[in-house]
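Lettering of chains follows the sequences in order, A, B, ..., and the numbering in each one begins at 1.
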Amino acid sequence: MQPAISFRNFSFRYKSQSEPILKNIYLDISPGEKIWIAGPSGSGKSTLAHCINGLIPFSYGGEVSGNLYIGGLEVSEQGIFERSRSVGTILQNPDAQFVGQTVGEDTAFQMENEQVAQSVMKARVVTALDLVGMLAYEEQGPHDLSGGQKQSVSLAGVLSTRADILLFDEPLANLDPASGVRAMQLIEDIHRREGKTVIIIEHRVEDVLAQPIDRIVVMSEGEIAAIGTPEELLREGVLARHGLRQPLYLNALEYAGVPISGLKSLATPEGVVTLAGDGNLPEGSEYLGETEIRSRLEAWAERVEPATGRLSGAPLLELKDISFAYGRGRTDVVRNVSFSISEGERLALLGSNGAGKSTLSGLITGILKPKSGTITIRGEDLSRWSIRQRGEEIGYVMQNPNHMITQHMIRDEIALGLTARGVLSPERERRIDEVLHTCGLYPYRNWPVSGLSFGQKKRLTIASILALEPKLMILDEPTAGQDYRHYTEFMDFIDGLAGRGMAFLFITHDMHLALEYADRAVVMAEGEIIAADTVPRILSDSEVTGRARLRETSLSRFAKAWGLSSPSGFVQAFIEAEKKVKEADE
Amino acid sequence: MSKAGNLFVEGDSLFHRMDGAVKLILLLTWTVSTFLFLDLRIFAVMLSAGIGMLLLSRIPFRRMALLFWVLMVFTLINSIFILIITPRFGSTLTGSNTPLIPVGYDTINAETLFYVLTLSAKYLTLLPVTMLFIFTTHPSRFAASLNKLGVHYKMAYAVSIAFRYIPDLTQEFKNILNAMQMRGMGISRGDGNLWRRMKNLSLVVVPLLQSSLQHIESVSNAMDLRGFGTGSKRTWYMGMPMSRSDKWMLLLCVLLLVAAILLKGFWAEKFWYPF
């Protein structure tokens with residue numbers, strides 16, 4: 001059969017770069033196949049996607065060598081319009097790609113451009129919206145929809161055009177865990193029912209593996225490092241070798257002394273079973289039986305001492321019975337919220353999009369005024385403090401560093417806040433040097449900001465806040481869109497700062513982040529706090545995670561599937577074991 | 001303003017159903033006709049007609065209140081300035097002078113007072129039809145009907161897409177500004193002198209530009225990938241064929257314009273002053 005997509009000795013170099021970013025790619029994708037392209041940032045996986053959907057070379061110029069065939073046709077003879085008829089792309093940012101004023105109009109966008117008659121369009125929009133379960137929203141605008149719903153509408157738009165290949169470019173990056181699971185389910189449904197070729201680029205490993213995948217293509221430094229079924233690659237530990245995070249329960253098995261080679265169906269936590277007792281096995285092969293595996297897991301979970309927890313100091317920030325509504329007579333979006341953060345504590349504020357997390361951070365920083373309740377810092381009431389005054393005690397770091405940086409030079413950026421607060425030389429220069437060292441930016445101190453990578457820019461925004469010496473730092477989705485290596489680097493750096501006594505509030509829906517870097521978590525759902533506890537306990541509680549549209553961690557789901565006595569103990573054991581590994585590395 | 005940030009108010013009146021471009025033509029005709037005159041009688045008639053149409057559209061006053069008060073305040077300030085700066089301006093139009101209110105350095109005369117009244121009525125005359133256009137026109141349908149009038153679809157769509165992303169950018173602007181304030185670059189009173197505060201505000205430009213450019217890149221990629229701009233024409237999902245009432249309205253617009261020009265040419269004086 002003719003492959004749907006075929007790369008033949010394909011290379012690509014961006015105009016502005018001297019080295020090619022894709023090198024000698026050979027890849028055949030069959031019609032109806034479901035492929036996951038994985039790899040760390042800079043490995044070339046997005047570039048590969050751009051080559052498939054035509055953004056390269058139509059929007060991003062560069063030098064192509066070798067061949068790319070789509071549906072048997074050499075693509076260099078096609079325009080982007082023909083390409084859009086065979087490849088439908090769903091992009092990462094559900095907001096930016098929603099170009100219509102209503103759901104119906106956005107779905108019809110490509111058909112409008114193909115000059116499909118209005119009556120035909122209306123009929124096809126209905127069919128496509130029905131397929132993705134969004135028909136009831138036909139007249140709604142984008143501002144009434146959640147990120148996941150917008151994503152579904154984009155999918156409907158692509159389906160309405162009957163493209164055979166669906167390309168998903170990091171579809172989960174902006175979705176909360178529950179929406180992510182649903183999105184993957186929807187993609188699988190469409191894949192099965194419509195028989196489309198599906199290509200997914202994503203770095204949320206466990207979410208992608210939750211649904212069946214035919215083959216994983218692992219990219220590394222512009223080349224294909226490995227291709228295989230999830231089972232093959234997981235068993236060989238290929239993902240971990242290429243800077244990707246393998247499912248946590250596989251690591252846990254390893255720590256507990258259960259070799260993965262004796263197990264099968266590794267892709268989901270509920271699926272894992274032993275190979276022992278399989279009649280087709282060659283004589284003499286020795287695999288651990290189910291009982292033996294279970295007792296090893298139990299023994300391991302019990303042996304690991306739960307950490308005493310970081311000694312937290314006096315209470316720093318306290319919220320008491322905070323309620324808030326946008327305007328009089330509207331329903332409260334934050335209801336009777338109380339919690340506190342102690343000095344040096346790392347607290348994760350968890351919840352899905354729209355649970356009230358950002359409203360709450362607005363209330364703390366003073367952008368919004370509470371309807372009732374008090375916020376105090378070291379016992380002092382904040383209600384009369386301006387945003388700027390609060391800024392002296394509380395630092396706020398936005399998700400995207402580009403939204404914070406205003407200066408051309410690195411030193412100037414850090415100096416800006418200091419000057420505004422009346423800190424003068426030589427104290428100012430001393431503090432700048434100090435934070436440059438702390439944040440690992442000292443070697444770049446004389447660079448322009450534009451020379452920094454995304455992660456370095458993120459550090460720069462932290463540095464510019466750190467220089468102001470606040471007692472508490474609020475980080476909004478600190479790791480969104482970063483791959484595993486950058487994520488770990490960044491969070492370890494934050495962890496180091498926490499060790500010096502600064503308190504942190506992470507606003508996030510990233511459960512791994514909460515699990516590994518927070519002392520405690522507060523969970524919000526529909527404006528209320530529904531749980532406040534240690535993270536392993538929260539993320540093992542399926543009732544809490546279900547209500548908050550979070551997801552129970554794969555560790556706890558694995559533990560439950562194997563009938564272990566204490567799923568949260570298992571999760572705790574994993575965290576302690578990871579810490580030991582990290583310490584051993586240092 | 002609605003959550004979406006655009007001003008469109010959902011409804012099913014005659015004017016909601018009317019073609020967006022026809023409404024634009026009505027607005028233009030109305031404006032031209034108004035500016036031809038300085039005659040309180042004509043404004044009274046047009047204002048009543050305008051208010052009548054606005055009532056027909058059944059837009060809740062709550063939604064219009066802001067625009068209404070802004071224009072009222074503007075008109076009031078404008079009137080006061082005219083009265084204070086040129087208290088006898090009316091005389092240059094009528095040739096007569098009837099002193100009325102002494103203001104020390106000069107005396108406001110009756111002619112000027114009447115002129116100010118006429119001028120305010122002129123601005124108010126424009127208000128109902130402008131509101132009608134703003135509040136009953138769906139941006140997408142407007143783009144579609146502009147295209148029908150012969151405006152190239154890329155231009156027409158630019159209008160629609162601006163409406164789509166303005167709320168997003170406003171939100172972004174607010175977020176950036178807040179983060180700046182937290183760092184000590186305040187913009188409210190008590191955060192330093194005016195110069196300082198203006199300078200702080202100007203700092204927002206760089207990150208806002210950055211984020212806009214990023215936004216534009218992803219939007220234009222999304223549009224490219226879905227074949228926008230490749231054809232010489234496109235169809236419109238939200239487009240509506242011109243109905244009979246649209247055609248009637250167009251005819252009325254033409255009649256109004258002709259009537260206005262005839263009236264101006266043959267009959268009306270420059271400034272109607274009955275006393």
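- When heavy atoms are compared at a cutoff of 4.5 Å, Ile387(A) approaches chain B by way of both its backbone and its side chain.
- Counting heavy atoms from C-beta on, the side chains of Arg183(B) and Met404(A) come closer than 4.5 Å.
- Taking both residues in full, the closest heavy atoms of Trp236(B) and Gln118(A) are given as O-NE2, 2.9 Å, listed atom of the first, atom of the second, then distance.
- Between His143(A) atom NE2 and Gln171(B) atom CD the span is 10.0 Å, to the nearest 0.5 Å.
- Using a 4.5 Å cut-off between heavy atoms, Ile394(A) touches chain B through backbone and side chain atoms alike.
- Between the side chain of Asn93(A) and the backbone N or O of Ser218(B), no donor-acceptor pair lies under 3.5 Å.
- Between the CZ atom of Phe228(B) and the CD atom of Gln110(A) there is a distance of 13.0 Å, given to the nearest 0.5 Å.
- When heavy atoms are compared at a cutoff of 4.5 Å, Leu418(A) does not approach chain B at all.
- Taking all atoms of both residues into account, the shortest heavy-atom contact from Phe81(A) to Gly227(B) is CD1-CA, 3.8 Å.
- Counting only heavy atoms from C-beta outward, the side chains of Thr235(B) and Glu114(A) never approach each other to under 4.5 Å.
- Counting heavy-atom pairs closer than 4.5 Å to chain A, the top residue among Ala143(B), Ser220(B), Gly229(B), Gly239(B) is Gly239(B).
- Between Phe98(A) and Tyr165(B), a ring centre-to-centre spacing not shorter than 6.0 Å is recorded.
- In this structure, the portions of Thr365(A) lying under 4.5 Å from any heavy atom of chain B include both its backbone and its side chain.
- Both the backbone and the side chain of Met223(B) come within less than 4.5 Å of a heavy atom of chain A.
- Using a 4.5 Å cut-off between heavy atoms, Pro142(A) contacts chain B through its side chain alone, with no backbone atom that close.
- Checked by atom type and distance alone, the side chain of Gln101(A) pairs as donor or acceptor with a backbone atom of Ser160(B) at under 3.5 Å.
- Between the CZ atom of Phe109(A) and the CZ atom of Arg234(B) there is a distance of 5.0 Å, given to the nearest 0.5 Å.
- Here the side chains of Met182(B) and Gln389(A) are not in contact, with every heavy-atom distance at 4.5 Å or above.
- There is no contact between Thr419(A) and chain B, counting heavy-atom distances below 4.5 Å.
- Both the backbone and the side chain of Asp95(A) come within contact range of chain B, judged by heavy atoms closer than 4.5 Å.
- Within the 4.5 Å cutoff, no side-chain heavy atoms of Val99(A) are placed close to those of Arg164(B).
- Taking CG from Asp224(B) and OG from Ser84(A), the interatomic distance works out to 9.5 Å, rounded to the nearest 0.5 Å.
- In terms of non-hydrogen atom pairs under 4.5 Å with chain B, the most contact-rich of Glu392(A), Glu138(A), Arg390(A) is Glu138(A).
- When heavy atoms are compared at a cutoff of 4.5 Å, Gln407(A) approaches chain B solely by way of its side chain, counted from C-beta outward.
- Residue Asn200(B): no heavy atom, backbone or side chain, is found under 4.5 Å from chain A.
- At a 4.5 Å heavy-atom cutoff, Val158(A) makes no contact with chain B through either its backbone or its side chain.
- Counted by atom type alone, Glu172(B) and His403(A) present one or more donor-acceptor pairs between their side chains at under 3.5 Å.
- A heavy-atom distance below 4.5 Å is found between the side chains of Tyr237(B) and Lys122(A).
- Side-chain atoms of Gln181(B) do not come within 3.5 Å of backbone N or O of Arg388(A) as any donor-acceptor pair.
- Both the backbone and the side chain of Asp106(A) come within contact range of chain B, judged by heavy atoms closer than 4.5 Å.
- For the atom pair CG of Leu203(B) and CD1 of Ile405(A), the computed distance is 13.0 Å after rounding to the nearest 0.5 Å.
- Interatomic distance, CD1 of Ile80(A) versus CG of Asn221(B), reported as 8.0 Å (0.5 Å rounding).
- At a 4.5 Å heavy-atom cutoff, Ser202(B) makes no contact with chain A through either its backbone or its side chain.
- Gln115(A) places a side-chain N or O within 3.5 Å of a backbone atom of Lys233(B) that can act as its donor or acceptor partner.
- Looking only at side-chain heavy atoms (C-beta outward), Met185(B) and Thr406(A) stay at 4.5 Å or farther from each other.
- Nearest approach of Tyr396(A) to Ala179(B), heavy atoms of both residues: CD2-CB, 4.4 Å.
- Of the listed residues Ile161(B), Val206(B), Leu208(B), the one with more heavy-atom pairs under 4.5 angstrom with chain A than any other is Val206(B).
- For the residue pair Arg226(B) and Asn113(A), the shortest heavy atom distance occurs at O-ND2, 3.0 Å.
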